[in-house]
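Computed from heavy atoms alone, side chains included, the values below leave out hydrogens, waters and symmetry copies. Per chain, numbering begins at 1; letters A, B, ... match sequence-line order.
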Amino acid sequence: MDWQAIWLSVRLAVSTTLILLALGLPLAYWITFSRRRWKFLVEAVVSLPLVLPPTVLGFYVLLAIGPRSPAGALYARLTGGMLPFSFQGLLVASVLYSLPFTVQPVAAGFAAVDRRLLEASWCLGVSRLATFRRILVPLAIPGIATGAILSFAHTMGEFGVVLMVGGNIAGVTRTVSISIYDQVQALNYAAAGETSLFLLGLSFTVLALTYALQRRIWPVWPLS
Amino acid sequence: MAPELICRCRKRRASGFELDADLAIPLGEAAVTVLFGPSGSGKTTLLRLLAGLEEPDAGSISVGGRCWYDRSRGISLAPQQRRTGFLFQDYALFPHLTVAANVRYFARSERAERLMEAFGLAPLAGRLPGAISGGQQQRVALARALAADPALLLLDEPLSALDAAARLRMRHELRRMLVESGVPAIVVTHDRMEAVALGDWMAVMVEGRIRQAGPIQNVFRHPADAQVAESVGVENVLPGEIIGRDSGLLTVKVGSWYLQCVDAGDSGAVFVCIRAEEVTLSRELPHTSSARNRLSGRVRSVTLEGPLARVELDCGFPLMSVVTAQSAGEMQLQPGDELCAVIKATSVHLTAV
């Protein structure tokens, strides 16, 4: 089994999930509560990765982070490295690719919280940020947990975007799904089967744990 | 100068509803102001504008000389800066926090602990809001609001989430808690008995406009117009005192008259509420009648309103009666006539002062 690839995928998935939580919670808050007229445009952009072929997304990310783009040039000046075909570049692509998998469940979780609870908190003199932390997030835990798990699982299994942006460098960008593809190409079905079974088991365990956890969370925080 | 709430606000909704409220409340004199009106008249919207949860399209709001909102000067304080204790219809307690954590939500303070004691919440401290009764939830919500040391309490239909029995019980308890808190309160209700039981001052709202405001008895006695009269419904609200109780009937002294009514457990000083339709008139004292109450008085005015005539009597206190225009014509009612007003005991309703 390609432990190096598995470890890389786990690192990528965990990092992606953490970054997505930091980005996705404020973004979901804005999408849930903003009354801007052009909100639908932001929603459409956030959801694009759901329908866009991974190769298309990967292609644009590759252009956007390449050394000739402003972002790529800035990164090169700051770090001396380059984003394409690096772990960091892969991370940028993964975050974009899994954005809707965090934002949509979290936004649904926020929307399910009675707005009057937030208003009650504001009237009690508690700031919007503190209200977000003390009322909204605790009551939306099921949605946030679902978003985190989906993003993690989605990143663990991503293939097309990785291939476009990261290529296939052992220990740097060769994730578990690329590794399986390689093994099949090399007609090494036994190794491919082992890795696949491991991924299947891991995915199932994570999802089962999530649902079990949510069962316990719901009765403690009844949202209605 | 007594602290005053002055609100002149306009707000138009996408539905076409338009609120245009012009209201001044002497918060220093009136411990509890009732914002009264039929449902859909804009009471809750006005409350939300006062709290800063929604912004008016135009106008200004100031409380005790401090400007909360002024469109022309570009001032709009956030709800956090206004510090109104807002009680939502279903109390909006934080479901994931215990009773104690709800009360201490603004800050862990001595004030919060004192309120927990005063409101009898100490035994419930560790319970979640879902596990206590509606009346207890209301006390938690009120304690939570008061713990934040608000300048003004805003209560949206505070009793509507309770069942009928608890509602009657909580009326007086709520009034007592509001008065004892020392914080001026504005209470939204569409129930006239509730209004009389809770308020000192009353503002009547109809179709998005404040039609009348004043001390509560004045509003009930002298409705500014027919629509207000219709919405307040009870034309006669008279201060009285229970002086006797016998076989299920109470004797209440009103002015120099003694009225009899059904004993509903009240005692002491009360308001006697009688709808004008329940007061029948006759020229002579009827000797054989099942009605318990017969008062003599002098006609002060007769106003025709379509098929009905509104007759104002002076029985030592003003008493309104509504009869058909036909009867008024047949009886040839004129101001100055001596009449007998007849009221059944079951038509006399009491609410505690």
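Residue with the most contacts toward chain A among B:F86, B:Y105, B:F94: B:Y105 (heavy-atom pairs, distance under 4.5 Å). When the candidates A:S121, A:C123, A:A120, A:G125 are compared by the number of heavy-atom contacts under 4.5 Å with chain B, A:C123 comes out ahead.
Listed by sequence position, the residues of residues 33-43 of chain B in contact with chain A number zero, using a 4.5 angstrom heavy-atom cutoff.
Residue B:R144 touches chain A through both its backbone and its side chain, counting heavy-atom pairs closer than 4.5 Å. Neither the backbone nor the side chain of B:R82 comes within less than 4.5 Å of any heavy atom of chain A. Using a 4.5 Å cut-off between heavy atoms, B:L93 touches chain A through its backbone atoms (N, CA, C, O) alone.
Using a 4.5 Å heavy-atom cutoff, the side chains of B:P158 and B:L174 are in contact. Proximity of A:V61 to A:M164: side-chain heavy atoms (C-beta onward) are nowhere separated by under 4.5 Å.
B:E55 and B:K11 are not joined by a salt bridge, as no carboxylate oxygen comes within less than 4.0 angstrom of a charged side-chain nitrogen. With respect to B:R176 and B:E180, a salt bridge is recorded, a charged nitrogen being found less than 4.0 Å from a carboxylate O. Remark: B:R167 does not engage B:D191 in a salt bridge, criterion side-chain N to carboxylate O under 4.0 Å.
Distance OG1/A:T175 to CG/A:L163: 8.5 Å, rounded to 0.5 Å. Rounding to the nearest 0.5 angstrom, the gap separating the CG atom in B:L146 from the CZ atom in B:F119 is 5.0 Å.
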A:T155 vs A:S94, side chain to side chain donor-acceptor pair (under 3.5 Å): CA-CA, chis, key distance, verdict: CA-CA 6 Å; A:T155 308; A:S94 296; 5.3 Å; no
